[in-house]
Amino acid sequence: MDANILPLPRRCRIGRLLAPALIFANGGVLAQAPLPAGERRPGGAVFAPLRADPKEPEFFATYLWTRSPRLASRLGAVGFGETISLVRTGNWQVAIAAGVFSQFDMARVTADLMNTDYLVGLPLTYRHGAVAARFRLYHQSSHLGDEYMVHNHAQRVDLSFDAAEVLVAREVSHGRVYGGGEYIFARSPADLLPGVLHGGVEYRPPGLLVRLGRFATGRVVAALDGKAVQDRNWQVGWSFVTGLELGDPMATAGAGWRWTLLLKAYTGPAPYGEFYRDRVSSVGLGVGFTL
């Protein structure tokens with residue numbers, strides 16, 4: 001069968017994944033946020049970070065209970081990263097995004113390091129009214145932990161690739177939807193297939209849950225992110241987060257520091273580098289911080 005012709009079940013899965021992008025295209029399901037054309041968030045990111053993407057650069061620590069053929073039943077997942085603006089003019093912004101993502105075997109007394117992914121990229125972002133776009137060139141490389149390799153006699157896959165990503169987002173009433181994809185143009189191993197489809201939806205209700213004077217305000221947030229990877233026959237990895245977000249009450253929307261306390265759930269192809277061809281399901285609690 002021609003590899004470019006997808007069977008019906010795969011088309012259905014991809015259709016579900018791209019639903020947010022279709023909502024963006026016709027705007028008929030959710031009301032558009034009242035943003036005048038050309039308005040941008042003063043001091044905030046032109047394209048706000050994706051709340052539920054497991055590979056969005058930010059500072060976080062999460063304790064996970066997992067089901068997977070090779071990953072530990074209890075994982076400690078941590079991330080260190082940020083997106084920093086380099087140049088901003090009008091509605092355009094050029095930034096550098098870098099992150100380190102590691103997973104530890106919490107079922108062992110020694111808490112072995114299992115895998116670390118290193119990511120660095122140059123995102124070019126643009127906003128016009130309620131619509132924002134991100135074009136990003138980035139590199140990722142992955143490495144197994146030494147203790148994990150010794151205790152499990154594991155062999156490295158040597159996963160490393162460069163990719164080009166395009167995402168378009170539209171702000172809607174109390175949230176946003178987004179869709180797009182990426183293409184891997186330099187890769188190891190050589191048989192890694194290049195296509196990724198990416199979409200999601202985020203919800204941020206207008207009312208505050210808590211107010212801590214001039215220190216912070218808190219609200220409930222929720223987000224669903226999906227990635228369909230060609231290398232896994234377009235299986236979708238679903239990431240869902242919900243919980244409490246504390247922010248700077250003096251900052252405009254999308255600007256200032258942000259703390260989160262989140263319930264996290266994931267199912268699909270593992271988002272952890274060296275284990276990318278495994279399937280994993282997980283649920284856990286995490287804290288995060290974004291500048």
Side-chain angles (χ1 to χ4, degrees), residues 20-21 24 33 35 37-60 78-102 116-142 160-171 175-186 196-202 204 221 223 225 227 239 241 245 247-248 250-260 262 271 273 288-291:
F24 155 75
L35 289 174
E39 180 180 344
R40 57 189 174 87
R41 306 295 192 187
V46 172
F47 189 99
L50 304 179
R51 294 179 184 276
D53 185 352
K55 288 297 175 63
E56 189 71 24
E58 64 172 339
F59 297 90
F60 69 87
V78 299
F80 306 91
E82 189 61 69
T83 298
I84 301 173
S85 176
L86 298 177
V87 179
R88 181 165 181 171
T89 174
N91 293 335
W92 294 89
Q93 184 178 48
V94 178
I96 183 169
V100 178
F101 309 89
S102 296
T116 297
D117 299 322
Y118 300 90
L119 184 150
V120 62
L122 290 172
L124 170 66
T125 55
Y126 171 78
R127 170 180 289 279
H128 180 74
V131 178
R134 181 174 81 183
F135 172 74
R136 181 176 63 161
L137 295 174
Y138 76 94
H139 171 82
Q140 178 183 312
S141 62
S142 303
S160 177
F161 60 85
D162 299 317
E165 173 201 65
V166 176
L167 287 177
V168 178
R170 180 176 182 176
E171 294 188 14
R176 68 171 173 171
V177 293
Y178 58 88
E182 57 190 79
Y183 183 84
I184 300 171
F185 57 86
V196 179
L197 297 175
H198 191 182
V201 60
E202 300 174 350
R204 189 174 186 264
V221 295
D225 181 271
K227 289 184 181 179
S239 175
V241 302
E245 175 188 270
D248 182 355
M250 306 303 294
T252 58
W257 56 265
R258 186 174 75 239
W259 281 96
T260 55
L262 298 175
F289 177 72
T290 301
L291 296 174

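Just so you know, residue 1 is the first one in the sequence shown, and it goes up from there. Here the structure is a predicted model, which means the values were calculated and not measured.
Between Leu262 and Val221 the shortest side-chain heavy-atom distance falls below 4.5 Å. In this structure, Val46 and Trp92 have side chains that are not in contact, with every pair of non-hydrogen atoms separated by 4.5 Å or more. Phe135 places none of its side-chain heavy atoms less than 4.5 Å from the side chain of Phe47. Using a 4.5 Å heavy-atom cutoff, the side chains of Leu137 and Asp162 are not in contact. For the pair Thr260 and Val241, the minimum side-chain heavy-atom distance is 4.5 Å or more. In this structure the side chain of Val196 never reaches within 4.5 angstrom of the side chain of Glu165, judged on heavy atoms. Between Glu202 and Leu50 the shortest side-chain heavy-atom distance falls below 4.5 Å. Side-chain contact between His198 and Asp225 is present, with at least one heavy-atom pair separated by less than 4.5 Å.
Looking at Arg127, its side chain does come within 3.5 Å of a backbone N or O of Gly129 through a donor-acceptor pair. When atom types are taken as modelled, the side chain of Arg136 and the backbone of Ala97 share no donor-acceptor pair closer than 3.5 angstrom.
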Atom pairs and distances, side-chain donor-acceptor, residues 78-86, under 3.5 Å, sequence neighbours left out:
unit_1	atom_1	unit_2	atom_2	d
Glu82	OE1	Leu291	N	3.2
Ser85	OG	Gln93	NE2	3.1

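Among Arg258, Arg51, Glu245, the single residue meeting the side chain to side chain contact (heavy atoms under 4.5 Å, CB included) criterion with Thr290 is Arg258.
Taking NZ of Lys227 as the reference point, atom OG of Ser239 lies at 9.0 Å (rounded to 0.5 Å). From Tyr118, atom OH reaches atom CZ of Phe101 across 12.0 Å, with rounding to the nearest 0.5 Å. Separating the NZ atom in Lys55 from the CG atom in Asp117 is a distance of 3.5 Å, to the nearest 0.5 Å.
Ion pairing of Glu56 with Arg134 is present here, as a side-chain N (NZ or NE/NH1/NH2) and a carboxylate O approach within less than 4.0 Å. Ion pairing between Arg204 and Glu171 fails under the 4.0 Å rule for side-chain N and carboxylate O.
Nearest heavy-atom pair, Ser141 versus His139, reported as atom, atom and distance to 0.1 Å: CB-NE2, 3.7 Å. Nearest heavy-atom pair, Ser142 versus Gly273, reported as atom, atom and distance to 0.1 Å: OG-CA, 3.3 Å.
Using bins of under 30°, 30° to 60° and over 60° for the plane-to-plane angle, the ring pair Trp259/Phe289 lands in the tilted bin.
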